[in-house]
Amino acid sequence: MKAVSGKIKHIRTSPSSLSWSYSLAPLASRTNPRNPPSSTLLDEFINFCYRRDLPRAMKAMAAMERHGIYADAITYSELIKCCLARNAVEQGKLVHKHVFSNGYQPKTFLFNILIAMFVKFNLLEQAQALFDQMPERNVVSWTTIISAYVNAKLSDRALEFFVLMLRGGVLPNMYTFSSVLRACNGLVNLRQLHCGIIKVGLESDVFVRSALIDVYSKLDELKDAICVFNEMETKDLVVWNSIIGGLAQNSDGDEALNQFKRMKRAGFTADQATLTSVLRACTGLALLEVGRQVHVHVLKFDVDLILNNALLDMYCKSGSLEDAKSVFERMVYRDVISWSTMIAGLAQNGFSREALKFFDLMKASGMKPNYITILGVLFACSHAGLVDDGWYYFRSMKKLYGIDPGREHYGCIIDLLGRAGKLDEAVKLVQEMECEPDAVTWRTLLGACRVHRNVDLAIYAAKQVLKLDPGDAGTYVLLSNIYANSERWEDVSEIRRAMRDKGIKKAPGSSWIEVNKQIHAFILGDTAHPKINEINRRLNQLIHKLMGMGYVPDTNFVLQDLEGEQRDDSLRYHSEKLAIVFGLISLSTGSAIRIRKNLRICGDCHTFAKLVAKMDCRLIVIRDPIRYHHFQNGVCSCGDFW
DNA sequence: GTAGGGTTAG
């Protein structure tokens, strides 16, 4: 009723319902030129429209049509608002038919309203047909149709209409630009649009700016996004959310959190979108404690599905599955993303059986899995070595769920076969894949060769990786180590030369640990951390103690090592060992040590972590780029299979 | 009558 009170406040002062038609008399002047001079039917119709009485208005409309009586565009727009509010699609279509009955041609305004109605009802074809039928189109007509195509993710079509609009000499406004910006599919047309915006003097509009920030960051042009953001004198919440979201989605979690602090200092209160992005930043950095703080604020928006999904993911990716499960259980609504997040989260953390149990529960609840759900399921199978189950899900996904296996699904099965030592079958699958294998596919096979020490196949797979991804430093190092191990020194120097010529350097192994909501970073053989001397002293003592318990540092890890060429002593100072020791020094007795790494963990650090977890009776969680290791009581959740 | 921000994999 909100809209009604705005429109007819002046005629609702009388409490008597009988006075309605009398009071509405001035509105009858909103008559269509086709109408007879005065009409009770029309008065009634107008009355029902403004009272949002859809059934009676529809009846009155039918009666009017029989008598050839029509209302004005404002009245029809009220009726359409009512149809939209009730999602009354059929009634909306009847209004459209009524307006055009007896060959009447409405003005642009009413055309626009009808087009907008069809768009909101998701009837794009009808909207387009009406648009085509218009004798004259203004900026609103064009913007409505462009924005409809943008929302339908038909960017090319949206851009085509934008060009047609310009050719037709219609000047775009801020509504048009905020829509069409979202259709940008490349930097070139984004820059052109940005110039156009400046030319027509719309660059200071907040809607246009937030769209610009969003599109620049989606195209990975963060510098430009930040530039647009910094130039703004007045920012609103959405603009802040755009920049925080852009940073969080581009793996710049640190900066996203910094901007979030600035936003709060500027006096803004976070809403659902802000918190979702902040959680995503925490997820990327595995900041469990900061994430927990955010959780407190999330409670205000209890039923927000997207926000709760982001919370779930944060807990999963911080290795805290118990928290994830309790959030999941408390969620009022769950969608396919909630389920997929849990399944993938459990699988990545090494709880494959539980992941598959969740998949069964999901199906039992009637939820239909999607492409990503199946990836999580296959990931669970591959990381638990469940060959038969993996094949079953892979072979039945098309039939049971109508999902065609993609490259990533093939990758999971190649991984599964490779880990299980079935390298021949894995190679066969690569050859039979319905899609072209990419660098990731070959790297998966290479990983399996590393585990099973198949030198010839490893060399072949590494060469395929380098053909498709010539800048992959890890593969160069691995290949060089394989050659070194086979004493193929000429090949070794060729690889080194290639790396030198191409300027390829391997990123040093780094680990991060959160202590008191602060992130501490360690790199291989670190000397920069303020407590490094104490860490090294404790590390040496610890290694000595562990060796007494039977620990033998594994220095022969040529086919295993992903940290690079360092051997012997440097093995001692792998970044995760430094981070573990720092955790032992800094965290209270018994509390979990959680570490995030940029490279995959090596065999020696894996053994080390198992022993430390046992000796110190605490949980150690190490997250690498692919999966998670939960070390407890001398064993790892990955079952030494990674 | 037409506009901007948030979730699962890789």
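Side chains are part of it too, since the values below use all heavy atoms of this structure and drop only hydrogens, waters and symmetry mates. Computed from a predicted structure; not experimentally measured.
The shortest side-chain heavy-atom distance between A/Asp415 and A/His383 falls under the 4.5 Å cut-off.
Contacts between residues 212-229 of chain A and DNA chain B, defined by a heavy-atom separation below 4.0 Å, involve A/Asp214, A/Lys218, listed by number. Scanning residues 247-266 of chain A for heavy-atom distances under 4.0 Å to DNA chain B yields A/Gln249. DNA chain B is contacted by A/Asp304, A/Ile306, A/Leu307, A/Asn309 of residues 300-312 of chain A, taking any non-hydrogen atom closer than 4.0 Å. Against DNA chain B, the stretch residues 401-408 of chain A makes heavy-atom approaches under 4.0 Å through A/Glu408.
Among the protein residues, A/Val180 comes within range of no part of the nucleic acid, since none of its heavy atoms lies under 4.0 Å from any strand. Residue-level contact check: A/Lys317 touches the backbone only, with heavy atoms under 4.0 Å from sugar-phosphate atoms and none from bases. Nucleic acid contact for A/Val208: none, since no nucleic acid atom lies under 4.0 Å from a heavy atom of the residue. Within the nucleic acid shown, A/Lys120 comes within 4.0 Å of sugar-phosphate atoms alone, with no base atom in reach, counting heavy atoms only. Within the nucleic acid shown, A/Ile113 comes within 4.0 Å of sugar-phosphate atoms alone, with no base atom in reach, counting heavy atoms only.
Using a cutoff of 4.0 Å between basic side-chain nitrogens and carboxylate oxygens, A/Arg280 and A/Asp313 are not scored as salt-bridged. No salt bridge links A/Glu354 with A/Lys357; every basic N to acidic carboxylate O contact stays at or beyond 4.0 Å. A salt bridge between A/Asp302 and A/Arg330 is absent, with no side-chain N of the basic residue lying under 4.0 Å from a carboxylate O of the acidic one. A salt bridge does not link A/Arg334 with A/Glu329: none of the charged nitrogens is closer than 4.0 Å to a carboxylate oxygen. We find that A/Asp624 and A/Arg596 are not joined by a salt bridge, their nearest charged nitrogen and carboxylate oxygen being 4.0 Å or further apart. We find that A/Asp205 and A/Arg209 are not joined by a salt bridge, their nearest charged nitrogen and carboxylate oxygen being 4.0 Å or further apart. We find that A/Lys107 and A/Glu136 are not joined by a salt bridge, their nearest charged nitrogen and carboxylate oxygen being 4.0 Å or further apart.
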> So A/Phe177 and A/Phe207, ring pair (Phe, Tyr, Trp, His ring centres under 6.0 Å) or not? Walk me through it.
Replying inline: CA-CA 9 Å; A/Phe177 279 119; A/Phe207 279 71; over 10 Å; no

>> With side-chain hydrogen bond (donor to acceptor under 3.5 Å, both in side chains) as the criterion, how do A/Glu255 and A/Asn258 come out once you've worked through the C-alpha distance, each side chain's angles and the decisive distance to 0.1 Å?
In response: CA-CA 5 Å; A/Glu255 197 44 36; A/Asn258 281 337; 3.3 Å; yes

>> Does A/Trp442 form a side chain to side chain contact (heavy atoms under 4.5 Å, CB included) with A/Val430? I'd like the steps, not just the answer.
In response: CA-CA 8 Å; A/Trp442 289 110; A/Val430 174; 3.7 Å; yes

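Nucleotide B/dT8 holds its P atom 16 Å from the CE atom of A/Met362, rounded to whole Å. Look at CZ on A/Phe162: it is 13 Å from C1' on B/dA3, rounded to the nearest Å. Following rounding to the nearest Å, A/Met165 (CE) and B/dT2 (C1') show an atom-to-atom distance of 10 Å. For the pair A/Ile197 CD1 and B/dG4 P, the interatomic distance rounds to 13 Å; values are reported in whole Å. Taking atom CG of residue A/Asp271 and atom P of nucleotide B/dT7, one finds them 13 Å apart after rounding to whole Å. For A/Asn151 and B/dT2, the CG to C1' distance is 11 Å, given to the nearest whole Å. Counting to the nearest Å, the P atom of B/dT8 and the CZ atom of A/Phe379 are 16 Å from each other. Taking atom CG of A/Leu202 as the reference point, atom C1' of B/dG4 lies 14 Å away to the nearest angstrom.
Minimum atom distance to the side chain of A/Met174 is reached by B/dA3, of the listed B/dT7, B/dG4, B/dA3. With distances taken from any side-chain atom of A/Leu375 to the nucleotides B/dG4, B/dT7, B/dA9, the minimum falls on B/dA9. If you check B/dG6, B/dT7, B/dT2 against the side chain of A/Asp335, the one that comes closest is B/dT7. Candidate nucleotides B/dG6, B/dA9, B/dT2 were compared by shortest atom distance to the side chain of A/Gln272, and B/dG6 ranks first. Nearest to the side chain of A/Ser178, among B/dG4, B/dG6, B/dA9, sits B/dG4. Residue A/Thr341 has its side chain nearest to B/dT8 when only B/dG4, B/dT8, B/dT2 are considered. Set against B/dG4, B/dT2, B/dG6, the side chain of A/Asp236 has B/dG4 as its closest nucleotide.
When ring centroids are compared, A/Phe358 and A/Phe328 come within the 6.0 Å threshold.
Between A/Arg280 and B/dT7 there is a side-chain N or O to OP1 or OP2 distance below 4.0 Å. Taking only side-chain nitrogens and oxygens, A/Arg209 never comes nearer than 4.0 Å to OP1 or OP2 of B/dG4. Taking 4.0 angstrom as the limit, A/Ser242 places none of its side-chain polar atoms (N or O) nearer than this to OP1 or OP2 of B/dG4.
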If you look only at distance, which donor and acceptor atoms sit under 3.5 Å apart when one is on a side chain in residues 224-232 of chain A and the other is two or more places apart or in another chain?
residue, atom, partner, partner atom, Å
A/Asp224, OD1, A/Arg191, NH1, 3.3
A/Asn230, ND2, A/Ile226, O, 3.4

Result block: side-chain N/O donor-acceptor pairs under 3.5 angstrom for residues 369-380 of chain A, not counting sequence neighbours:
residue, atom, partner, partner atom, Å
A/Asn370, OD1, A/Ile372, N, 3.0
A/Asn370, OD1, A/Thr373, N, 2.9
A/Asn370, OD1, A/Thr373, OG1, 2.8
A/Tyr371, OH, A/Glu408, OE1, 2.6
A/Thr373, OG1, A/Ser340, OG, 2.9
A/Thr373, OG1, A/Asn370, N, 2.9
A/Thr373, OG1, A/Asn370, O, 3.4

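Separating the CZ atom in A/Arg182 from the NZ atom in A/Lys218 is a distance of 8.5 Å, to the nearest 0.5 Å.
Side-chain atoms of A/Ser210 and base atoms of B/dG4 include a donor and an acceptor less than 3.5 Å apart.
Counting only N and O atoms by type, the side chains of A/Ser141 and A/Asn138 include a donor and acceptor under 3.5 Å apart.
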